[in-house]
Number of protein chains: 2
Amino acid sequence: MDEFDLIRRITPKETHQRSLVMGIGDDASVYQPHSHCEEVVCVDTMVEHVHFRFDFSTPFEVGFKALAVNISDIAAMGGTPKYYLVSIAIPPHEDEAIVAAFYEGMKALADRYYMDLIGGDTVATRSDFVITVTVIGEIPKGSACYRHSAQTGDVVFVTGELGSSAAGLSLLMNEVNTAHSIDTAFFLERHKMPQPHIAAGLICSSFPRVTLNDVSDGLASELNEIAEASRVTIEIEADQLPKHPHLPLLHKEWLEWVLFGGEDFVLTGTIPETDWKRFETQCKKEHIQVTRIGQVKDDRASSVILKDHDQQTILMKKGYNHFKK
Amino acid sequence: MDEFDLIRRITPKETHQRSLVMGIGDDASVYQPHSHCEEVVCVDTMVEHVHFRFDFSTPFEVGFKALAVNISDIAAMGGTPKYYLVSIAIPPHEDEAIVAAFYEGMKALADRYYMDLIGGDTVATRSDFVITVTVIGEIPKGSACYRHSAQTGDVVFVTGELGSSAAGLSLLMNEVNTAHSIDTAFFLERHKMPQPHIAAGLICSSFPRVTLNDVSDGLASELNEIAEASRVTIEIEADQLPKHPHLPLLHKEWLEWVLFGGEDFVLTGTIPETDWKRFETQCKKEHIQVTRIGQVKDDRASSVILKDHDQQTILMKKGYNHFKK
């Protein structure tokens, strides 16, 4: 594989953003930010055999997901993604076609948002693929949705459904029931090609006070982060948590997926009760599923409580922690 | 190693940039760009056993260099670095102290430029360390130094000395003469902790038409990129190429290091003859070494020619190409 040939192959033939001054082809890229906006930046890495496997996902799907998880972080701030940079460490003897397919997967998603690939690096490694994506987005000044502004009485909500990605992974690992009547394709798709909730995030950022996280490490983990940052207690109702109707058919422990599974990349957060109806209406108008799942309580314990009929359980993060031995 | 503990350890206690709205601690970072500036962005990856070895460099030095090579790309545009994001893939059973030392090495360099660490990711990998750094800088609107504006008659220059980094690597690999009289510490330092030429880049961007590259892949490669982008021929004089006086003592093939060694992270480029004197004076005033090494010729062959007394040689890129088998 020749680095220069590969770069030629993956360099975009055209760009979308008019604010881009110089894309790939110099030492760094240059763009003109919008004067009424703030810039939003994040980076995420996916490692072969840790975050993805080629017997589960195609290179196209891996590329798609590598960008999706980053766009989801921009969505969780209420921002609009604009640019991305990609760095790939490539094992010996790998086919250029695999690397090109990563970029095609990313481009398929990027084009939906008129995002431009504006930089990157391709290097050799002795073993597994490592894909690092940086995404730059923007948001109107002062509109970003942080974690620290939840207040007593706020509604707790989630966009989309929970637990689907974990169910998809369990299907890939042959751990669950796969009767004919179950829509397995739905769960597999959610795991392999998650859809970032940019449109929902944009609605959130149009309201004056919304806290927001994307569900990457699991609902319990995300709500704990909001509870900690805002110093509030969050109560959610087990029977309100949105899930695909087939989810409980797959495994009796399906609630674990809903609470701790993660990688759903839906958004969860809080909004004042007085804004809830208008928020719900706007989401419906744009065909965005949004579900009220609980309330912020007047208690500075920074905890998350799951109510299941008469039972109350404190939910710990239990999110995926890469280094836990 | 616990990911959350590690993140706590590496999260900055204070920040420098007043335009930073939200640093590490939410889904993405948010900053307010300066309205008279353009944003400059780049990313670079260093892989253990490919780009660095722990028997050659300490983790502190590896971290320093990982950031330095990125800041150098900002310098090569004439920009000022502001923010950086770091993603590290960590092999099993590695000590948290090693990872912390990477970040300390980066911070030592970042603090010089009042740069803030605003994001990142720490993930597990099965084998070697992979460090990816993204740097965001800024530059006054329209002032960036690209590669495509060289014109006939321009002076070709280089800041600093060439070949020192390659000499340092050869010293580490015990390939060269190491007589007592040779300043080996100088060469080792240049290889292990290269200094990006931000101040020189800033002077370049204050002139109306400068082409600029940083010498990462070797002088021949960088000048070929300028010659191609600008469609000009560049002639350089072998006896003008700046080098440390001890360089020729190390190895008889020292000119190879000067032309093709790379990783010097000095800047090379072109400037109109009419601006040269003023440029040279400004560099001197700021104690920046700048050397005139050749001229741009009226010829659209997009090539680089080395003149050595009566002899003329066409210089090909021969830069380091990670995938060449």
Side-chain angles (χ1 to χ4, degrees), chain A residues 1-4 6 21-22 25-33 35 38-47 49-51 73-74 76-77 79 83 85-87 89-90 118-128 130 132 134 136-137 139 141 144 146-147 212-214 229 321-324, chain B residues 1-4 6 21-22 25-33 35 38-47 49-51 73-74 76-77 79 83 85-87 89-90 118-128 130 132 134 136-137 139 141 144 146-147 212-214 229 321-324:
Chain A
M1 201 185 313
D2 182 286
E3 190 184 4
F4 294 109
L6 177 64
V21 179
M22 170 59 72
D26 216 297
D27 296 294
S29 287
V30 179
Y31 71 90
Q32 177 64 56
S35 57
E38 291 166 345
E39 305 298 294
V40 187
V41 196
C42 60
V43 63
D44 245 309
T45 294
M46 280 177 36
V47 181
H49 298 290
V50 177
H51 302 93
D73 279 324
I74 302 292
M77 305 301 287
Y83 301 114
L85 301 92
V86 179
S87 190
I90 305 171
I118 62 165
D121 199 8
T122 49
V123 296
T125 178
R126 298 192 308 177
S127 64
D128 303 329
V130 178
T132 300
T134 305
I136 301 173
I139 189 160
K141 219 174 277 189
Y146 301 110
R147 296 172 181 167
L212 206 57
N213 257 358
D214 67 323
N321 183 336
H322 297 298
F323 295 99
K324 221 70 171 191
Chain B
M1 203 185 312
D2 182 287
E3 189 184 6
F4 294 110
L6 179 64
V21 179
M22 171 58 75
D26 216 297
D27 296 295
S29 287
V30 179
Y31 70 90
Q32 176 64 56
S35 57
E38 291 166 346
E39 304 297 294
V40 187
V41 197
C42 60
V43 63
D44 244 310
T45 294
M46 281 178 36
V47 180
H49 297 292
V50 176
H51 302 92
D73 279 324
I74 302 292
M77 305 302 285
Y83 301 115
L85 301 92
V86 179
S87 191
I90 304 172
I118 62 166
D121 199 8
T122 49
V123 296
T125 177
R126 298 192 308 175
S127 63
D128 304 328
V130 179
T132 299
T134 305
I136 301 173
I139 189 161
K141 220 175 275 190
Y146 301 110
R147 295 173 180 167
L212 206 57
N213 256 0
D214 67 323
N321 184 334
H322 298 298
F323 295 101
K324 220 68 170 195

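Scope of the values below: all heavy atoms of this structure, side chains included, with no hydrogens, waters or symmetry mates. Note on naming: letters A, B, ... go to the chains in the order of the sequence lines (proteins, then strands), and numbering restarts at 1 for each one.
- Legend: residues meeting salt bridge (charged side-chain N to carboxylate O under 4.0 Å, His left out) with B:Asp44, ordered by chain and number and at least two apart, are absent.
- Top candidate by heavy-atom pairs under 4.5 Å with chain B, chosen from A:Val21, A:Val86, A:Ile118, A:Asp128, is A:Asp128.
- Annotation: side chain of A:Asp27 is not in contact with side chain of B:Tyr146 (no heavy-atom distance under 4.5 Å).
- Side-chain atoms of A:Asp26 never come within 3.5 Å of backbone atoms of B:Met77 as a donor-acceptor pair (strictly under, hydrogens ignored).
- For the pair B:Asp121 (side chain) and A:Thr45 (backbone), a donor-acceptor distance under 3.5 Å is present.
- Note that OG of B:Ser29 is 12.0 Å distant from CD of A:Glu38, once rounded to the nearest 0.5 Å.
- In terms of heavy-atom proximity, B:Thr132 sits nearest to A:Ser87 at CG2-CB, 3.9 Å.
- Looking at every heavy atom in both residues, B:Val30 comes nearest to A:Ala144 through CG2-CB, 4.3 Å.
- With sequence neighbours excluded, the residues forming a side-chain contact (heavy atoms from CB on, under 4.5 Å) with B:Thr125 are A:Val47, B:Ala89, B:Pro91, listed by chain and number.
- Inter-residue side-chain proximity for B:Leu85 and A:Val41 is flagged as met; some heavy-atom pair is nearer than 4.5 Å.
- Ranking B:Ala229, B:Gly137, B:Gly25 against chain A, the residue ahead of the rest is B:Gly25, based on heavy-atom pairs under 4.5 Å.
- Distance alone, capped at 3.5 Å, places no donor-acceptor pair between the A:Arg126 side chain and the B:Val50 backbone.
- Nearest heavy-atom pair, B:Ala28 versus A:Asp73, reported as atom, atom and distance to 0.1 Å: CB-O, 4.2 Å.
- The part of B:Thr134 that comes within reach of chain A is its side chain, from C-beta onward, which places non-hydrogen atoms under 4.5 angstrom from that chain.
- Contacts with chain A were tallied for B:Pro33, B:Gly119, B:Ser35, B:Ala76; B:Pro33 has the most, counting heavy-atom pairs under 4.5 Å.
- Between the CD atom of B:Glu39 and the CD1 atom of A:Ile136 there is a distance of 8.0 Å, given to the nearest 0.5 Å.
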